[in-house]
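Data block below; observations after.
Model, not experiment: these values are computed from the prediction.
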Amino acid sequence: MVTEKITRQKLSDQVFERLRAMILTGELGAGAIVPSERALMERFGVGRPAVREALQQMHTMGLITIAHGERSRVKPLNAGAVLGQVDAVAQLLLSAEPEALAHLKEARRMFEAGMVRIAAEKSIEADVVALSDILDEQRRCLGNPRAFIAADMAFHTRIAAMTGNPIMLAVSEAMLKWLFQYHAALLHWSGKEEVTLLEHARILERIAAKDGAGAVSAMQAHIARSADVIGHHG
């Protein structure tokens, strides 16, 4: 007969679960002040160590803020905040696992292709103007690698925003951050900026024409070429 042991849950874990439930039910909404340690001790009938450990766990998970001299507040729950919590882990993975970068680039190729199709189909004049402005800014950044890459990221981020899907936007921003933070050497690379500008112009042209298939083709060519650059300069 297989036995299934029941383990006693730590008090701090129980406090954490109660606090999380308060957020999920809306009792503690985004921006709300978290009750004081004393108030939580009285409400849950536990000591200060259990409350402090639970609050620290909430902070580590990005659910609340903890700042010296200020009351803790509930942080807004959104896709960007959730993915931001794994930035450090993602960077460690990219550094420790040789295949992780290849996997990330492959995921980005698939993701960007699907995303640009939606962006092209949903695009309106304001989106085209915004992308055109970013492309003009990127041209003005020639000779300034850091600013050029910032504009490059802005171009792709704007396309993600055009989908109207906050999860797609958050994932796009996270992937770009992980790629460019890990490959700092890319900031010193030059020689392909004009190619990047031409590729971005082709993507913009297809988006403006609401040509989903054409936008996908242009994006795939761009990502394949830029992924090869990252692979050789990491």
Side-chain angles (χ1 to χ4, degrees), residues 16-17 19-26 28-32 57-65 73-94 97 99-131 133-134 149-183 200 203-204 206-208 210-220 222-224 226-227 230:
F16 171 82
E17 291 297 336
L19 288 170
R20 187 174 67 168
M22 291 166 69
I23 292 176
L24 292 176
T25 60
L28 287 176
Q57 187 178 357
M58 299 282 287
H59 174 64
T60 300
M61 292 185 65
L63 298 176
I64 65 172
T65 62
R73 290 183 178 273
V74 177
K75 295 179 67 174
L77 289 176
N78 54 57
V82 172
L83 286 172
Q85 293 301 306
V86 301
D87 277 349
V89 176
Q91 291 177 44
L92 284 174
L93 177 63
L94 288 170
E97 294 291 335
E99 295 183 351
L101 176 60
H103 293 159
L104 176 58
K105 290 191 294 183
E106 181 181 29
R108 186 186 175 216
R109 280 196 297 271
M110 297 178 64
F111 182 79
E112 291 268 4
M115 189 169 63
V116 78
R117 181 187 295 275
I118 297 173
E121 293 170 351
K122 289 187 173 183
S123 67
I124 59 176
E125 184 177 354
D127 295 321
V128 175
V129 170
L131 283 174
D133 288 344
I134 294 172
I149 287 177
D152 189 302
M153 295 172 70
F155 185 85
H156 287 273
T157 299
R158 177 66 194 193
I159 291 174
M162 288 166 60
T163 67
N165 187 322
I167 294 180
M168 284 190 177
L169 175 58
V171 172
S172 176
E173 290 177 325
M175 284 186 175
L176 288 168
K177 183 188 299 182
W178 298 338
L179 282 171
F180 287 111
Q181 280 185 351
Y182 181 63
H183 290 273
H200 279 186
I203 293 169
L204 174 56
R206 293 300 88 210
I207 289 176
K210 289 186 172 292
D211 177 7
V216 170
S217 179
M219 179 64 79
Q220 287 177 328
H222 171 57
I223 296 297
S226 60
I230 293 175

Apply the test side-chain contact (heavy atoms from CB on, under 4.5 Å) to residues Ile203 and Ile159: give CA-CA distance (whole Å), side-chain angles for both, the deciding distance (0.1 Å), then the verdict.
CA-CA 10 Å; Ile203 293 169; Ile159 291 174; 4.1 Å; yes
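- Note: Met175 CE to Lys105 NZ = 13.5 Å, rounded to the nearest 0.5 Å.
- Under the ring pair (Phe, Tyr, Trp, His ring centres under 6.0 Å) criterion, Phe16 pairs with no residue, sequence neighbours left out.
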Give the C-alpha distance, both sets of side-chain angles, the deciding distance and a yes or no for side-chain contact (heavy atoms from CB on, under 4.5 Å) between Met162 and Leu131.
CA-CA 10 Å; Met162 288 166 60; Leu131 283 174; 3.7 Å; yes
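- Between Glu106 and Arg109 there is no salt bridge, since no side-chain N of the basic residue sits under 4.0 Å from a carboxylate O of the acidic one.
- One N or O on the side chain of Ser123 and one on the backbone of Ala120 form a donor-acceptor pair closer than 3.5 Å.
- Residue Glu121 holds its CD atom at 9.5 Å from CG of Asp211, rounded to the nearest 0.5 Å.
- Between the Ser172 side chain and the Ala160 main chain, no donor and acceptor come within less than 3.5 Å of each other.
- Relative orientation of the His200 and Phe155 rings is parallel, given thresholds of 30° and 60° on the angle between their planes.
- Note on residues 159-170: no pairs pass salt bridge (charged side-chain N to carboxylate O under 4.0 Å, His left out), not counting sequence neighbours.
- Using a 4.5 Å heavy-atom cutoff, the side chains of Asp127 and Arg158 are in contact.
- In this structure, Arg117 and Ala213 approach most closely via the heavy-atom pair NH1-N, 3.9 Å.
- Side chain of Lys75 to backbone of Thr65: no donor-acceptor contact under 3.5 angstrom is found.
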Might you work through the side-chain contact (heavy atoms from CB on, under 4.5 Å) test for Arg206 and Val116, ending with a clear yes or no?
CA-CA 10 Å; Arg206 293 300 88 210; Val116 78; over 6 Å; no
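- Using a 4.5 Å heavy-atom threshold, the side chains of Leu204 and Val128 count as touching.
- To the nearest 0.5 Å, atoms CD1 (Ile124) and CD1 (Ile207) are separated by 13.0 Å.
- Between Val171 and Met115, every side-chain heavy-atom pair lies at or beyond the 4.5 Å cut-off.
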I'd like to know whether Met219 forms a side-chain contact (heavy atoms from CB on, under 4.5 Å) with His156, so could you lay out the CA-CA distance, the side-chain angles of the two residues, the decisive distance to 0.1 Å, and finally the verdict.
CA-CA 10 Å; Met219 179 64 79; His156 287 273; 3.8 Å; yes
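- Here the straight-line distance linking atom CG of Leu28 with atom CD1 of Ile64 works out to 9.5 Å at 0.5 Å rounding.
- A distance of 7.5 Å separates OG1 of Thr60 from CD of Gln57, quoted to the nearest 0.5 Å.
- Across every non-hydrogen atom of Leu19 and Met58, the tightest pair is CB-CE, 3.8 Å.
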